[in-house]
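Report on one structure; see the data block that follows.
Numbered from 1 within each chain, the chains take letters A, B, ... in sequence-line order.
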Protein chains: 2
Amino acid sequence: MRVMKSSTEMVRQQNSGLVLSALRRFGALSHTDMADHTHLSSATVSAITTELDRAGIIERMEQQAATGRGRPRVLFRPSRGCGYLILVRISSDVVQYSLVDYAGTLMDRFDEARGASATDVTVFSRGMLEALDRLIGRSSISRDAVLAISISSKGLVDTAYQRLVWSPVFGDQEIDFQWLLRDWSARIILNNETRLTAQAVARCLEKKQDLKQSLAVLSLGHSIGLGIVQRSSVGALEVTAPNFGHMLHVANGGLCRCGARGCIEASTGFYGILRTAFEVPADTIPAKFVPLAEMDRIAMSARQGKRMATYAFRQAGLALGQGISRVLSLHETMPVVLTGPGTRYYDLLQAGMVEGLAQSQPVRREGMPDISLMDDEAGLVFEGHKQRAFDDVDQDILTLRPSASAAMKAG
Amino acid sequence: MRVMKSSTEMVRQQNSGLVLSALRRFGALSHTDMADHTHLSSATVSAITTELDRAGIIERMEQQAATGRGRPRVLFRPSRGCGYLILVRISSDVVQYSLVDYAGTLMDRFDEARGASATDVTVFSRGMLEALDRLIGRSSISRDAVLAISISSKGLVDTAYQRLVWSPVFGDQEIDFQWLLRDWSARIILNNETRLTAQAVARCLEKKQDLKQSLAVLSLGHSIGLGIVQRSSVGALEVTAPNFGHMLHVANGGLCRCGARGCIEASTGFYGILRTAFEVPADTIPAKFVPLAEMDRIAMSARQGKRMATYAFRQAGLALGQGISRVLSLHETMPVVLTGPGTRYYDLLQAGMVEGLAQSQPVRREGMPDISLMDDEAGLVFEGHKQRAFDDVDQDILTLRPSASAAMKAG
DNA sequence: ATTTATTTTCTCGACTGTCGAGAAAAAAGA
DNA sequence: TCTTTTTTCTCGACAGTCGAGAAAATAAAT
């Protein structure tokens, strides 16, 4: 069936979700604030908050400074002890584990450097299981209290079945996280990293009333990621992370890490730029990892006018610009946000990008898209990670918890 | 706000929509059928049907052959007289006007050949207004009874504001249908033609339980159209028609009708194939129109082994294959349905297509997508046209009509 | 110290929905 | 004429939202 039937119970669930997500967005709200944000009547908010409070999903905050005349407002927030989130960010050199309580505050975090055993999946898997146990051990939390384990990585992700299909780190070695974490009752979520960045950027712009119809977020670095935000027909934001880095740039182009030829990444990823700058043949096996210092040196010589270095960045920009033009053709003209370590070379990439964009039909018609840079990719990923995980977890909780307590209320 | 709040009235509206759309899909249903299809209880269906019946939106069908024992079922269908739809299909040589009643049956249709004045917008506009009046005149229908005028054309369409932005027929001359038809109370809908085809194909496959997660429909002809069907996170089908024909195929490629260079259409559209086959320089102004007979001749000589003709089709297939590979990269691997007059040359296009697809990353990983052909593009466009228009019109009616009659019921 | 003004929370009754169960209707067969 | 069968229709229970106004709790004014 296309669309679910609706019932009065669904209405309550939907509106509870509205209240909870308002709480997530704005931290702590009073009755009246919630009514304003959700456009629900005060009476309804009252009913919902008492229900959620009784179920232990939200809690009244302790007193706070008087705000003026009148009855003091009581603020609600998601109940800290309701459950916990574990966020795992897998990046090329390090795996970061974060523990977050239900109110969204970071409780604990540590990094696990991936040493020489970097690329072995079984070693990584064992390390991950240990790290997870250590994380909850340090805060004396039981496994059952962990509502979700949300994992992010660059690469190709099977969101439906929580399988990492291809990643820069592990290549073609699949990881089935659903299976790996089968001893955990928590919901397992797997995300493409740039998807999370896009989500965070979108919410951020939404708050500033600055979100257009849609939005593209590009992460530039050793690999190239794209996240796309669109408003669905019902008005919700849908975020996707297409496999942009490995979209065909040009037939018979440079050899890519993925084994194909002519991917965008093979021109625009750090290893691609390096290869061009040093005039290494384009079918050379890509470097596993290019230190940022190395890239900085190439950029330096490009800024000093060295020909091949300049050319390398220009070609990278060209591939990026043409790739973006294709994205615009297949969606619509939308603002582009660049992030990731590669943004520091934007001055060198720009000319090629503009050239690559200019000749295409969508740009000829609608003009250049807005292109802006955004720093702190790590922070954005973390924010997006939380948002994404809570979206799911809150939904889970609302479908299970309050009805159970409704039975208690009756008994 | 992200998502609308829910209320009991919205529940009724939603479920009424479910009932009505079941009626649209299956023609005429009894109480019990509707309950089965919508998963609503018999009591609810009863309430809804009496309400819709009273409001004149659906009607009981006259008697029908006894189906066996038991109380005879009463069948409902959308009420013929509830309103009318006008569907206008603008194609390169002809404009087709169709009048459809609220039950979806075709009442009247005529074609208006666009003569020498073909490309002049004011002439076309005047002609269209006249044709619309003639259409309703012939069936003695008043303007107010026309619920929607749904227009389709190839080209670039601004769905939000009903403006035809660029079309093969009128080029850069915009047509603002909202303005042109300002004397009509009907809702104005403007669609890209391939969007409609995709919609029809999707519903067709859905009925056969054969619809995968998503689907791409390509229309091959003088121009190239793409429609993409995706399931949104809430499970509804979202159909979009990206500007595929004018996506960048290759930098500095052949001159396209749109004025840009290297668009897919410039290689794969009929005029592109013609240009290559006859070794005309790729920056030659494209032919306005290529008769099918002309294409058939080129195909004939290609099948007889003539080199340039074969090459032309191969290049066209290559551009198509590479373009599709990019679509798969930016969405996911999905089945591809080919339609339109160009499918008769599929034997000649196939080799290039496969080559263009094979080298790309998504195909290397997931294998070749399912590619199938479908005839009767005109029929599909008509079906999709109806579906699309009724989706909108039914929604409009449900938000307005039944509540008004609820007041009557009280009085 | 008491009153007044102000702001927020909470409660009540009216209304609109859905649902299950079973009554009523209508036809075919015994 | 009675029984069986199938479908439609109705009724009461239950769940949810909403507006209005009561109740609560504080600051300012007297």
So, using side chain to side chain donor-acceptor pair (under 3.5 Å) as the criterion, who are the partners of [X] when residues are at least two apart?
X	value
A/Thr44	A/Ser41
B/Asp392	B/Arg187, B/Arg388
A/Arg71	none

Would you please name every residue forming a salt bridge (Lys or Arg N to Asp or Glu O under 4.0 Å) with B/Glu238, sequence neighbours left out? none

Give every pair of a protein N or O atom and an N or O atom of nucleotides 19-24 of chain D that lie under 3.5 Å apart, one pair per line with the distance.
from   : atom 1 : to      : atom 2 : distance (Å)
D/dA24 : O4'    : A/Arg71 : NH1    : 3.3

Do B/Leu85 and B/Phe390 have side chains that approach each other closer than 4.5 Å (heavy atoms only, starting at C-beta)? yes

Nearest whole Å is fine: how far is [N] [atom2] from [X] [atom1]?
X	N	atom1	atom2	answer
B/Gln14	C/dT16	CD	C1'	16 Å
A/Asn15	C/dG17	CG	P	16 Å
B/Met34	D/dT6	CE	P	20 Å
B/His31	D/dT6	NE2	C1'	14 Å
B/Leu18	C/dT18	CG	P	11 Å
B/Asp33	D/dT8	CG	P	8 Å
A/Gln13	D/dT17	CD	C1'	17 Å
B/Arg69	C/dG29	CZ	C1'	5 Å

Return the 5'-most residue of the pair A/Phe76, B/Ser16 with respect to DNA chain C, ranking by each residue's nearest nucleotide.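 Of the two residues, A/Phe76 wins.
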
So how far off straight is the helix from C/dA1-D/dT30 to C/dA30-D/dT1, going by the axes through five pairs at either end, to 10°?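 The helix from C/dA1-D/dT30 to C/dA30-D/dT1 shows an end-to-end axis angle of 30°.
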
Is any side-chain nitrogen or oxygen of A/Arg12 closer than 4.0 Å to OP1 or OP2 of D/dT17?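 Yes, because at least one side-chain N or O of A/Arg12 sits under 4.0 Å from OP1 or OP2 of D/dT17.
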
Reckon B/Thr32 has a side-chain N or O less than 4.0 Å from the OP1 or OP2 of D/dT8? yes

Among residues at least two apart in sequence or on other chains, which ones pass side-chain contact (heavy atoms from CB on, under 4.5 Å) with A/Gln13?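 side-chain contact (heavy atoms from CB on, under 4.5 Å) list for A/Gln13, sorted by chain: A/Met10, A/Gln395, A/Leu398, A/Thr399.
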
State which residues pass side-chain contact (heavy atoms from CB on, under 4.5 Å) with B/Gln213; sequence neighbours excluded, sorted by chain then number. B/Arg231, B/Glu332

Looking at the side chain of [X], which of [options] is the nearest nucleotide?
X	options	answer
A/Ser7	D/dT8, D/dT17, C/dT18	C/dT18
A/Ser46	C/dG17, D/dC9, C/dT11	C/dT11
A/Pro72	C/dT9, D/dT17, D/dA25	D/dA25
B/Arg60	C/dT6, D/dC9, C/dA28	D/dC9

Decide, yes or no, whether a salt bridge links A/Arg54 with A/Glu51 under the criterion of side-chain N to carboxylate O below 4.0 Å. no

Side-chain donor-acceptor pairs of residues 143-152 of chain A under 3.5 Å, sequence neighbours excluded:
from     : atom 1 : to       : atom 2 : distance (Å)
A/Arg143 : NH2    : A/Asp133 : OD1    : 3.0
A/Arg143 : NH2    : A/Asp133 : OD2    : 3.3
A/Ser150 : OG     : A/Asn191 : ND2    : 3.1
A/Ser150 : OG     : A/His385 : NE2    : 2.9

Give me the atom names and distance for the closest heavy-atom approach of A/Arg24 to A/Pro78.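 Smallest interatomic distance, heavy atoms only, reads NH1-CG, 3.5 Å.
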
